[in-house]
Amino acid sequence: MSDATTDTTGTDTTTGTDATGATPAARPPQPDFSAITAEELTAYREAENRFRASAAARAMTGEPAPGAVIRWERVALPGRDLPVRVHRPSHPDGRPGAGAARPLVLHVHGGAFVGTAVQSDWINSHVAAELDAVVVSVEHRLLHHTTPLAAAVDDGWDTLRHVLRHAGEWGVDPGRTAVLGESCGGLIGALAAIRAREAGLPIAAQVLVNPAVDVTASMFDHPSMAEYGPATGALPTLELFRRLAAVSGVDARALSPLSADDLAGLAPALVVVPTHDALADHGRRYAERLRAAGVAVRLTEYPGAPHAFLSMPGLVPQAAAARTEIIGFLGSALGAGTAGVTVR
């Protein structure tokens with residue numbers, strides 16, 4: 001863990017700049033995702049993420065909870081330093097809270113080839129403040145022609161292991177750990193939960209929000225794709241996502257939780273599905289597979305909500321109810337610790 005690059009108390013004060021301090025441009029128009037070049041994708045995601053980290057975006061992404069301190073920090077991972085956005089509960093005077101080790105929630109934002117942890121400050125700060133927890137949101141490598149999905153998956157898993165290996169420095173209790181992911185982040189979170197089981201690392205809960213859990217050739221075969229893909233204009237974006245995720249020579253099944261051979265023994269799951277989403281059936285089918293494997297699952301559908309609604313509380317009223325449900329589920333799961341956890 002290293003020094004923070006940004007320190008905010010209560011409402012985030014990075015307004016008007018992105019994580020690097022650059023002044024954001026206006027939100028860029030969407031490019032033609034079917035023909036976008038590597039250079040155009042880089043320019044688009046940089047401009048879009050500047051907007052998402054700006055004051056103007058708060059009307060859409062929501063104001064952080066006043067009872068949380070938000071900091072940019074970095075973790076030293078094998079071969080790379082990775083930014084993480086850390087949310088902690090605060091004292092009334094704004095100092096980070098002290099005392100006993102807190103539950104850890106590893107969060108992974110959505111967006112695939114565009115997106116930033118800043119866009120999830122609303123949900124993460126409320127989780128931290130209301131559960132007295134530490135939320136570490138991974139600024140994973142975005143999908144690109146040079147960084148396939150496997151890199152982002154490794155970022156999520158490696159960050160989780162790093163924080164738990166250095167639990168004392170982070171002030172977290174390894175026996176009370178959960179993962180929370182949205183969209184592509186839901187895929188990364190689901191794979192982290194599978195890896196945790198294989199590594200013998202106890203995860204108390206997994207929360208998967210509008211998760212994309214299938215990047216195989218069957219990704220578009222689900223009924224919700226036909227129903228909402230064309231109507232919402234999501235298909236070109238999802239087609240680019242799959243092209244960048246399942247690059248030549250990579251077994252897409254290994255990156256698709258829905259294709260996992262064995263889901264038994266995974267952490268209890270809350271799967272949150274907005275109904276007006278091309279990916280809705282991804283979440284539904286994964287909940288079915290988890291349940292068939294004997295995993296405790298709660299599947300909750302939010303009628304009329306679109307994809308990524310949890311990151312748009314200023315536009316989608318269903319986000320508030322989803323936040324309440326997520327915090328309640330995590331609170332119940334993280335209430336009891338697991339003694340004697342060792343992370344290797």
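What you see below is based on every heavy atom in this structure, not just the backbone, and it leaves out hydrogens, waters and symmetry mates. As the structure is a computational prediction, the values presented were derived from the model and not from experiment.
Between Val135 and Val86, every side-chain heavy-atom pair lies at or beyond the 4.5 Å cut-off. Counting only heavy atoms from C-beta outward, the side chains of Leu258 and Thr216 never approach each other to under 4.5 Å. Using a 4.5 Å heavy-atom cutoff, the side chains of Val250 and Pro148 are not in contact. Residues Glu182 and His107 are in side-chain contact: their nearest non-hydrogen atoms beyond the backbone lie under 4.5 Å apart. By the 4.5 Å heavy-atom criterion applied to side chains, Val108 and Val179 are not counted as neighbours. Looking at Leu187 and Val153, their side chains come closer than 4.5 Å, going by heavy atoms from C-beta outward. Using a 4.5 Å heavy-atom threshold, the side chains of Glu73 and Pro83 count as separate. In this structure the side chain of Asn210 never reaches within 4.5 angstrom of the side chain of Val272, judged on heavy atoms.
Between the side chains of Ser137 and His109, no donor-acceptor pair of N or O atoms lies under 3.5 Å. At a cut-off of 3.5 Å, with distance as the only test, no side-chain donor of Tyr44 or Glu39 sits close to an acceptor on the other residue.
For residues 185-207, every residue pair satisfying the side-chain hydrogen bond (donor to acceptor under 3.5 Å, both in side chains) rule, not counting sequence neighbours, is listed here: Asp154-Arg195. Contacts classified as salt bridge (Lys or Arg N to Asp or Glu O under 4.0 Å) and involving residues 103-119 (residues at least two apart or in different chains) are not found.
The side chain to side chain contact (heavy atoms under 4.5 Å, CB included) test with Val105 singles out one residue from Leu334, Val134, Thr177, and that residue is Leu334. Applying the salt bridge (charged side-chain N to carboxylate O under 4.0 Å, His left out) test between Asp132 and each of Arg102, Arg176, Arg88 identifies Arg102 as the sole match.
For the atom pair CD (Glu239) and CZ (Arg242), the distance works out to 10.0 Å, reported to the nearest 0.5 Å. Between the CZ atom of Arg291 and the CG atom of Leu263 there is a distance of 12.5 Å, given to the nearest 0.5 Å. Once rounded to the nearest 0.5 Å, the distance linking CD1 of Ile36 with CD of Gln30 reads 9.5 Å. Of the inter-residue distances, the one linking Leu180 atom CG with Ile123 atom CD1 reads 6.5 Å to the nearest 0.5 angstrom. Atoms CZ and OG1, on Phe113 and Thr147 in that order, are 12.0 Å from each other to the nearest 0.5 Å. Leu160 contributes atom CG, which lies 5.0 Å from atom CD1 of Ile203 (distance to the nearest 0.5 angstrom).
Using a cutoff of 4.0 Å between basic side-chain nitrogens and carboxylate oxygens, Asp121 and Arg85 are scored as salt-bridged.
Side chain of Arg141 to main chain of Ala151: a donor-acceptor pair is present (N/O by atom type, distance under 3.5 Å, no hydrogens or angles). With hydrogens and angles disregarded, a donor-acceptor distance shorter than 3.5 Å links the side chain of Asn49 to the backbone of Gly115. At distances below 3.5 Å, at least one donor-acceptor pair connects side-chain atoms of Asp281 with backbone N or O atoms of Ser224. Of the possible polar contacts, one joining the Ser125 side chain to the Trp122 backbone as a donor-acceptor pair under 3.5 Å is found. Remark: the backbone N or O of His162 is paired with a side-chain donor or acceptor of His166 at under 3.5 angstrom. Although no hydrogens or angles enter the test, the distance criterion places a donor-acceptor pair under 3.5 Å between the side chain of Gln119 and the main chain of Thr116. Without hydrogens or angle criteria, Glu139 side chain to Leu82 main chain gives no donor-acceptor distance under 3.5 Å. Formation of a donor-acceptor pair under 3.5 Å by the Arg80 side chain with backbone atoms of Pro78 is found in this model. Under a 3.5 Å cut-off, the side chain of Ser256 and the backbone N or O of Ser259 do not form any donor-acceptor pair. Of the possible donor and acceptor atoms, one in the side chain of His282 sits under 3.5 Å from a partner among the backbone N and O of Val213.
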Decide yes or no on salt bridge (Lys or Arg N to Asp or Glu O under 4.0 Å) for Arg284 and Glu288, but give the supporting numbers first. CA-CA 6 Å; Arg284 293 172 180 137; Glu288 290 174 358; over 6 Å; no
Stepwise salt bridge (Lys or Arg N to Asp or Glu O under 4.0 Å) check, Asp214 with Arg285: CA-CA 10 Å; Asp214 182 6; Arg285 300 294 86 77; over 6 Å; no
Let's go through Val163 and Thr159 carefully: what are the C-alpha distance in whole Å and the side-chain angles of both, what is the deciding distance for side chain to side chain contact (heavy atoms under 4.5 Å, CB included) to 0.1 Å, and is it a yes or a no? CA-CA 6 Å; Val163 173; Thr159 299; 4.3 Å; yes
Where do Ile194 and Leu266 land on the side chain to side chain contact (heavy atoms under 4.5 Å, CB included) test, with the steps shown first? CA-CA 7 Å; Ile194 293 172; Leu266 293 181; 3.9 Å; yes
Assess the residue pair Leu330 and Val207 against the criterion (side chain to side chain contact (heavy atoms under 4.5 Å, CB included)); give the C-alpha distance rounded to whole Å, side-chain angles, the decisive distance to 0.1 Å, and a yes or no. CA-CA 8 Å; Leu330 288 173; Val207 178; 3.7 Å; yes
Any chance you could lay out the side chain to side chain contact (heavy atoms under 4.5 Å, CB included) test for Ile188 and Trp157, step after step, and finish with the verdict? CA-CA 8 Å; Ile188 296 169; Trp157 172 239; over 6 Å; no
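Here the closest heavy-atom approach between residue Tyr302 and residue Ala322 is recorded as OH-CA, 3.3 Å. Closest heavy-atom contact between Cys184 and Leu143: SG-CD1, 4.5 Å. Summarising the geometry of Pro257 relative to Tyr286, their closest heavy-atom pair is O-CE1, 3.4 Å, with the distance given to 0.1 Å. The nearest pair of heavy atoms linking Gln318 to Gly304 is NE2-C, 3.5 Å. Gly186 and Leu208 get closest at one heavy-atom pair: O-CD2, 3.5 Å. Nearest heavy-atom pair across Trp72 and Ala117 is CH2-CB, 4.2 Å.
Hydrophobic clustering of Ile, Leu, Val, Met, Phe, Trp and Tyr side chains at less than 4.5 Å, counting indirect connections, keeps Tyr228 apart from Phe220. Note on Val75 and Leu142: separate hydrophobic clusters, where clusters join Ile, Leu, Val, Met, Phe, Trp and Tyr whose side-chain heavy atoms are under 4.5 Å apart, directly or indirectly. Linking Ile, Leu, Val, Met, Phe, Trp and Tyr whenever their side-chain heavy atoms come within less than 4.5 Å puts Leu244 and Leu238 in one cluster.
Ring-centre distance between His276 and His307: not below the 6.0 Å cut-off. A distance of 6.0 Å or more separates the ring centres of Phe33 and Phe241.
Under a cut-off of 6.0 angstrom, the local environment of CZ in Arg253 is sparse, with at most 12 non-hydrogen atoms contributed by other residues, nucleotides or ligands.
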